Amino acid sequence: MALPAPPLSDDQAAAYDRIAAALAGTGADLAGDLLGAARGDGAGVLAVMGKAGSGKTLLLAALARDLVALGVETVAAEWEGRRRRERRTLAILAPTNKAAAVLRLQGVPATTIHRILYTPIYDPQYERIAEWLAGNGSRPAVEGLGEAALDRARAFYDQIPSIPGALAAAGLRGSDFIKGWKRREEPLDIGFVDEASMLDERALADLAAIFPTLVLFGDPAQLAPVGASGAMVFDAIPAGRRLSLARIHRQAAGNPILDLAHALADPALGFEDFEDRVAAAAARDPRVVLARRVSADLMARSPVLVWRNTTRVRLIQAFRTAHGCPPDALLPGEPLICDGIELPLKHRRKRIDLEARGLIKGAQAIWLGPGRSPGFARLHVAGAEQPQVSAAAIIKIETAEGEEPFIPFAARMGAAFLHGAAVTIHKAQGSQWEEVQVFAPDLFAAAASGREEAGTPLWKRLAYVAVTRAQHRLHWVTRAMLARPTRPLGTDDLAAPAAPLALAPD
C-alpha cells in the first residue's frame, strides 16, 4: 500500500499553482481535472529555485504524479509509442546518470537529458511487442518467441514498466531489438529538469527547442558550469518566470549536514568559524565525522571531493599505492569516471550507442575486468538502469602534474576514462553518495586565495556543493593524510542487473 504524499508547504503550493496555471494554458488542467490536446505554443520556460532541503524534488514529484493521474504519459528514453494527435507526454530529466538515479530511488521515473535527445530504432517485429505491452496493440505472434516468453514479458512490464526489461525477461538482448539510435527531430510536450544549475546556455537552448513547456528545478547556491563566468541559466530567465522555495523542510528533522550547508549563507562566517561548526556538529551527531585522514575504503565507491586538480591526482596515486594496484594494470573494483567519447565524427552511431549505455562525460563506473573482445572493458556504470555493460574503452591514469598519463587499457577508440577515487567538486555536481569525504585543506586554499564567484566567496560555493553531496554521512577531512585500507578492492558489493541489456556484443 502506497504511503500518502506529504502535504505541500505554502511556498511549494504557490509554486505548484503557478506551474499548474501555465500547464492549464496548454490544455493540461490539473485544477479542473481536464486533459485535452496540446494547444498554443506551450508555456515556455519556468524555473523553480531553492537551496538543498527546500522541497524541489517533492514539488517535482507532486506535479509529475498529478499529471500522470490526469492522463499524461511519461516518456522514457528507452522506447516511445506511436504518436497520436491527442497524446500528452511528460519527460523527467537530469543532467547525469547519478542524478537521474537519485530521482528514481524516490519513485520519480527520470532519465538523462542526453538520452532524451536521441531515440532508439526498434526492429519492427519487436516494436509490435512494445506497442502491445504499452496497451496500444493486440498480443502479437513473433517468430522464435513462444507464448511463455510473451507471458514473462507481460508479467515483468506489469510490475516494472520498462520495455527493454520486459523484452530481456522474454529472453532477448538489446542487440536483438534495438538497431540503432537517431537524433530527435520531432518535439515532445512537457519537460521537467532537475539539477538545472548544471545546464549551460546551449543545453537550455536544445531543451527549449524540444519542449514547448519546460520547468527547471535547481539550486542557485551551487557552482555555475565551468566556463560560464559564474552565471547560471536561471539568470537569463525573466524574474516573473522564476519561482523561489525559501522554507528548508528537511532541517525540521535536525539534519546536521543541511544545517552546515545553510550556515554558509551567513556573510560573516569565515572558514575557521565554519570548521568550528563542523567540529561541534561531529561532537553531537554521528552523521558528521571530523576525520584526520582520508579513508581509502570509502574512496573505492565515493570519491574524495577536492578543489584543485593536483590534489585529485595525488590522492588517486595514494589510493592505488595503498591498495597495492600494479602500475601497469587495473584491479577489479577500481573506480573510474568517464571523460568523454574518443571517436571520429564519422562514427556518430557508435558514439550514440556508447552514450545510450550511460557512458556520458562525468558518468561514474567501476572496473570489472577486460571484455571478451580486444579493447573491450566490462564496467558497472553507477546510476544506469542497466549498469553492467561491455564497451570499447580507453583508460588513462594520471601520475603527476606535467607527466604523461599511463594507459593500462586502451581500444583504438571508444569511451575514455580517468580514475575516479577523487574528483573535483565541480564534477561532483548532480551526484550524491551515502557517505562523502570533503578534503578541507583544498577549501582552506580556496579561502586563502580570496577568490569570489558571482559575489560569493568561492570556498563557500565549493563547501556548499561538497557538503550537500552527502546523503547520510559527511566526513570532513582536516589533514592531507590517507588511512590504510582495511579491506581489499572487489566487486561483490555491486548488484547484478535484473535484466542485462547489451546494446552490442563485445
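As the structure is a prediction and not an experimental result, all values here were calculated from the model.
- Taking the side chain as every heavy atom from C-beta outward, V193 and I113 approach each other to under 4.5 Å.
- Residues R308 and T424 have side chains that never bring a donor and an acceptor to within less than 3.5 angstrom of each other.
- In this structure, the side chains of V68 and T74 come closer than 4.5 Å at one or more pairs of heavy atoms.
- In this structure the side chain of V215 never reaches within 4.5 angstrom of the side chain of I190, judged on heavy atoms.
- Between R87 and E73 there is a salt bridge, since a side-chain N of the basic residue sits under 4.0 Å from a carboxylate O of the acidic one.
- Annotation: cation-pi pair R312/W307 absent, no NZ/CZ under 6.0 Å from the ring centroid and within 45° of its normal.
- Put simply, the side chain of R451 never gets that close to the backbone of A446: no donor and acceptor are under 3.5 Å apart.
- Without hydrogens or angle criteria, R242 side chain to I237 main chain gives a donor-acceptor distance under 3.5 Å.
- The shortest distance between side-chain heavy atoms of V289 and L474 does not fall below 4.5 Å.
- D158 and R154 are joined by a salt bridge, as a carboxylate oxygen and a charged side-chain nitrogen come within less than 4.0 angstrom of each other.
- Using a distance-only test at 3.5 Å, with no hydrogens or angles considered, no donor-acceptor pair links the side chain of K51 to the main chain of L258.
- For K361 (side chain) and D339 (main-chain N/O), a donor-acceptor pair under 3.5 Å exists by modelled atom type.
- A donor-acceptor contact closer than 3.5 angstrom links the side chains of S431 and Q364.
- Residues F439 and T311 meet the side-chain proximity criterion, which asks for heavy atoms closer than 4.5 Å.
- Side chain of Q12 to main chain of L245: no donor-acceptor pair is present (N/O by atom type, distance under 3.5 Å, no hydrogens or angles).
- For the pair V278 and L290, the minimum side-chain heavy-atom distance is below 4.5 Å.
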Legend entry - Stepwise salt bridge (Lys or Arg N to Asp or Glu O under 4.0 Å) check, R301 with D493: CA-CA 10 Å; R301 292 296 176 266; D493 61 309; 2.8 Å; yes
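- Applying the side-chain hydrogen bond (donor to acceptor under 3.5 Å, both in side chains) test to pairs two or more places apart or on separate chains, those with a residue in residues 201-220 are D219-Y464.
- Counting heavy atoms from C-beta on, the side chains of H426 and M198 never come closer than 4.5 Å.
- Scanning both residues, I360 and C338, for their nearest heavy atoms gives O-CB, 3.3 Å.
- Inspection of the D297 and S295 side chains reveals no N or O donor paired with an N or O acceptor under 3.5 Å.
- Centroid-to-centroid, the aromatic rings of W476 and F274 come within less than 6.0 Å.
- Counting heavy atoms from C-beta outward, I257 and Q471 have side chains that stay 4.5 Å or more apart.
- Remark: the backbone N or O of A99 is paired with a side-chain donor or acceptor of T96 at under 3.5 angstrom.
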Below 3.5 Å, can you tabulate the donor-acceptor pairs from side chains in residues 29-45 to any protein atom, sequence neighbours excluded?
from : atom 1 : to  : atom 2 : distance (Å)
D29  : OD1    : A31 : N      : 3.2
D29  : OD1    : G32 : N      : 2.9
R39  : NH2    : A24 : O      : 3.0

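- In the model, E435 has no side-chain atom that pairs as donor or acceptor with a side-chain atom of H472 under 3.5 Å.
- Under the rule for a side chain to side chain donor-acceptor pair (under 3.5 Å), W367 has no partner lying at least two apart in sequence or in another chain.
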